[in-house]
Amino acid sequence: MSPAAHAPGWEWFYIGLYFFFAGVSAGAYFIGSLAEFFGGGRHRGISRTAFYIAFPTLLLTPPLLVGDLGQPLRFWHLLFHARSGFPYINLSSPMSVGSWALVLYGAMAFLSFLDNLVVEGKIEFAPFAKAYSLVPRKVYAAVGSVAGFFIAGYTGVLLNVTSRPLWALTDPLVGALFVVSAGSTGAAAIYLVMKWRQIHPAPELEEFERFDRIVKVIEIALVVAIVVAAGKYAGVLFRGTYAVMFWVGAVLLGTLVPLASNLYAHRRGHHLRSEPAAGLMAYLVLLGGLLLRISLLQAGQL
Amino acid sequence: MPKGMFVDTTICIGCKACQVACKQWNVLPGEPADFRTDPVEKIPVAVNFTGDSYDNTADLTGTNWRRVRFIEQFPENRAGGRWLISSDSCKHCNDAGCLNACPTGALVRTDLGNVALRQDVCIGCKYCLPSCPYGVVAFSHETGTARKCTLCDERIHNGLGTACAKACPTGSIAFGEVAELKKKADARLAKLKSLGRGKANIYGYKEAGGLNVFYLFDDRPSVYGQPESPEVPQRRLPMTSAVTIAGAVAVGVAALVAFRERGQSDRGGEEVEK
C-alpha cells in the first residue's frame with residue numbers, strides 16, 4: 001500500500017464494463033458447466049441457456065479492452081512479444097495471464113456455443129457437426145469452467161495486486177468478491193434468458209432461488225470484510241458518486257433487496273417468487289454487479 | 001555489475017540542472033497544462049502547475065522523469081525553519097512492481113540492472129502505474145504509452161553516466177557501480193552521524209529488494225515524500241490467488257448444493273406421487 005502510487009486512469013466505460021461483461025459471461029458459463037456435469041441431464045435448460053449467454057456476452061469485451069489502451073493497435077503485444085514475435089506470458093502479471101485465459105476461455109465458450117447450435121438443430125452442416133462431436137462437450141465445459149472461474153476472479157486480483165491504497169488494503173478479497181458476484185450475475189442472466197426463451201420448469205427456478213440465497217450471503221460477508229479491511233481508506237466508499245453506486249446500487253439494490261425478497265418468499269413457504277418480482281430481482285442483481293465493479297474501480301483511482 | 005545512482009540529498013542545492021539535463025537528453029517536452037476552472041476565482045487555472053513552492057513539477061509524469069522535491073518547513077512568522085531538497089526519479093528497484101506487472105515485456109531489466117521501458121513494445125495498458133509503490137511510472141497522452149526514467153539506458157550502455165548525474169554541480173547525484181556507491185554512501189552517513197545529525201539515514205538498501213538508485217536523507221523517508229515501507233505488490237499474489245480460488249470453490253459448492261439436493265428431493269416427491 002502506498003498513497004504515492006499513481007492511479008492508472010482506467011475508464012469505467014471501458015474497464016468497468018469489461019469487468020461486468022466478463023463476469024456475467026464467465027459466471028453463466030461455469031454455472032452451465034456445473035449443471036451439465038452434475039445435473040445428470042435434468043438441467044439441460046440451464047446449461048444450454050448458459051452457453052448461449054457466455055459467448056455473445058464475451059464478444060462484447062475485446063473492444064472494451066482494446067479501447068482503453070493508449071496504443072490500441074498494439075493489443076496483440078499482450079499475447080506475442082512485439083520484437084521476437086514469440087508467444088509471451090508474464091506469470092507475475094495478472095493482466096498477462098488473464099489475456100491468455102481470455103483466449104482459452106473464449107475458445108471454450110465458442111465451442112460450447114457451437115455445440116448448442118448443432119444440438120438444437122440451428123446449424124445443420126453435417127461434416128461440421130460430425131467433426132465437432134469428436135471432442136465430448138464435457139471436455140471443453142471442464143476446461144472452460146476452470147478458465148471461466150479464472151476470468152471472473154482475475155479482474156479482482158488484478159486490482160488487489162497493486163499499490164493503490166484502496167485496492168491494496170482490500171487484498172485479498174476483491175478477487176473472491178468478483179467471483180461470487182460473477183456467480184450471482186451469471187445466474188440472473190441465465191434466469192432472464194430462460195424466461196425470455198420461455199423455458200421455465202419450476203424445479204429449476206427453485207434451484208436458482210436457492211443458489212442465489214447462498215451466494216448473496218457470501219457476497220454480503222465479503223462486502224463487509226472489504227469495507228473493514230479498507231480501514232481509513234474506506235472513506236472513498238462513503239463520499240460522492242461512487243459511494244452512492246456502492247451502497248445504494250451494489251449493496252442495497254444488488255444484494256440486500258434481492259436477498260430479502262428471496263428469503264421472504266422462502267419463509268412464507270412459496271418456493272418461488274411471482275414471476276415479475278423474480279424478473280425484477282434478476283435485473284437488480286445485474287445492475288448491482290455492474291455498479292459494484294464500477295464503484296470499486298473508480299473509488300480506487302480517486 | 002549493476003549500475004545506479006546515489007543521491008546525497010544533504011548536498012543538493014535545488015538548482016534543477018538535473019531536471020533540465022533529463023529533459024534535454026530524453027527530448028521530453030514541457031508538461032502540458034491541465035486547466036480547470038478554479039472554484040473560488042472562477043478562472044481557468046493550470047492545476048498541475050504548483051505556483052506555491054519551488055517544487056515546479058509536483059509529481060513524476062510522462063514528461064517529467066526527474067523531480068526536485070522541495071520540502072519547505074517554515075513557520076508562519078518565518079523564524080527558523082528548514083529547507084529539505086531531494087532530486088527524485090525512478091529507483092530501478094531490484095524487485096520492481098512495474099516490471100512484474102507488465103503484460104507485454106515492454107519493461108525490461110538490462111544487463112546493467114536498470115529497468116528500461118521499451119516505447120515500441122508498450123501498449124499503454126497503464127497497469128504499471130498503480131503497481132509502482134513510488135508513483136514513478138506515468139502515462140503520456142502524447143505517446144499513448146507509459147513513460148519513466150530509464151537510467152539513461154542508451155548513455156550507460158555506451159560508457160557514459162546518466163545525464164542528470166553529469167549535470168549535477170554539487171555531486172549530489174552520483175552515477176556508478178552500485179557496490180562502489182554504497183561504500184560512498186556509508187562513509188557519508190558515518191560522517192553525518194559524527195556531526196550529530198542523528199536522523200540521517202540511507203533509503204534503498206532493503207526497500208523493494210534493494211534500490212539501484214538510493215538516497216541519503218536527513219530525516220525520515222516520509223518527510224521526503226517516500227513511502228516508509230514500500231511494498232512490492234506482486235509479493236501478495238499467492239495469497240490473493242488462494243483466497244480467490246477459495247471464493248470460486250464456494251460458488252461451485254453453492255451451485256452443487258443448490259442444483260443437486262433439490263433435484264434429489266424432487267425425485268423423492270415423484271415417488272410419493274406414484
Side-chain angles (χ1 to χ4, degrees), chain A residues 1-2 4-10 30-31 34-35 38-40 42-43 68-71 74-75 77-78 81-83 88 90 92-96 99 149 152-154 156-158 160-164 167-168 171-173 175-177 179-180 183 203 206-208 210-211 214-215 218 222, chain B residues 59-60 97 100-106 118 120-127 129-141 143-146 225-227 230-231 233-234 236-237 239-248 250-263 266:
Chain A
M1 195 278 286
S2 164
H6 283 155
W10 289 322
F30 64 65
I31 292 171
L34 291 173
F38 300 103
R42 292 179 306 109
H43 294 307
D68 198 65
L69 297 178
Q71 288 281 354
R74 295 184 187 169
F75 71 91
H77 294 191
L78 285 164
H81 193 277
R83 291 191 178 179
Y88 181 81
N90 176 357
S92 64
S93 169
M95 193 183 285
S96 177
S99 303
F149 269 122
Y154 97 94
V157 175
L158 183 146
N160 274 160
V161 185
T162 64
S163 293
R164 290 291 300 170
W167 298 338
D171 185 57
L173 300 168
L177 177 65
V179 167
V180 173
E206 239 177 89
E207 286 157 8
F208 268 109
R210 201 182 155 109
F211 176 72
I214 306 173
V215 289
I218 306 177
L222 281 169
Chain B
D59 198 2
L60 290 166
N100 296 340
C102 182
T104 62
R118 305 282 189 234
D120 59 322
V121 182
C122 179
I123 59 174
C125 74
K126 304 176 275 279
Y127 193 30
L129 273 69
S131 302
C132 171
Y134 297 101
V136 167
V137 199
F139 183 71
S140 164
H141 291 279
T143 60
T145 54
Q226 303 294 351
E231 191 191 26
Q234 290 79 13
R236 293 186 258 114
L237 187 55
M239 180 54 121
T240 316
S241 307
V243 172
T244 306
I245 291 168
V251 176
V253 169
L256 291 186
V257 168
F259 291 106
R260 213 176 192 184
E261 286 186 8
R262 182 64 63 183
D266 281 347

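Below, chain A is the first sequence line, B the second, and so on; all start at residue 1.
Heavy atoms of A/L177 lying under 4.5 Å from chain B are absent altogether. Contact of B/C132 with chain A is made through the backbone alone, with heavy-atom distances under 4.5 Å. With a threshold of 4.5 angstrom between heavy atoms, B/S140 does not approach chain A through any atom at all. Heavy-atom distances place the side chain of B/F139, and not its backbone, under 4.5 Å from chain A. Within the 4.5 angstrom heavy-atom criterion, atoms from both the backbone and the side chain of A/F211 approach chain B.
Under the 3.5 Å distance criterion, with hydrogens and angles disregarded, a donor-acceptor pair is assigned to the side chains of A/D171 and B/T240.
Of all the listed residues (B/P103, B/G124, B/A246, B/S131), the one sharing the greatest number of non-hydrogen pairs under 4.5 Å with chain A is B/P103. Between chain A and the residues B/V243, B/L60, B/N100, the most heavy-atom pairs under 4.5 angstrom are made by B/N100. With respect to chain A, the highest number of heavy-atom pairs below 4.5 Å among B/G135, B/G247, B/A106 belongs to B/G135. Comparing B/R236, B/E231, B/Q234 by how many heavy-atom pairs each has under 4.5 Å with chain A, the most go to B/R236. When the candidates B/G97, B/C102, B/P230, B/A250 are compared by the number of heavy-atom contacts under 4.5 Å with chain A, B/C102 comes out ahead.
For A/H6 (side chain) and B/V137 (main-chain N/O), a donor-acceptor pair under 3.5 Å exists by modelled atom type.
Using a 4.5 Å heavy-atom threshold, the side chains of A/R74 and B/V121 count as separate. Proximity of A/F30 to B/V251: side-chain heavy atoms (C-beta onward) are separated by under 4.5 Å at one or more points. Taking the side chain as every heavy atom from C-beta outward, A/L69 and B/K126 never approach each other to under 4.5 Å.
To the nearest 0.5 Å, the span separating OH on A/Y154 from OG on B/S241 amounts to 13.5 Å. Distance check: B/I123 CD1 to A/Q71 CD gives 9.5 Å after rounding to the nearest 0.5 Å.
Between B/D120 and A/R83 there is a salt bridge, since at least one side-chain N of the basic residue sits less than 4.0 Å from a carboxylate O of the acidic one.
The ring pair (Phe, Tyr, Trp, His ring centres under 6.0 Å) check on A/Y88 picks up A/H81, with sequence neighbours excluded.
Across every non-hydrogen atom of B/Y127 and A/V161, the tightest pair is OH-O, 3.6 Å.
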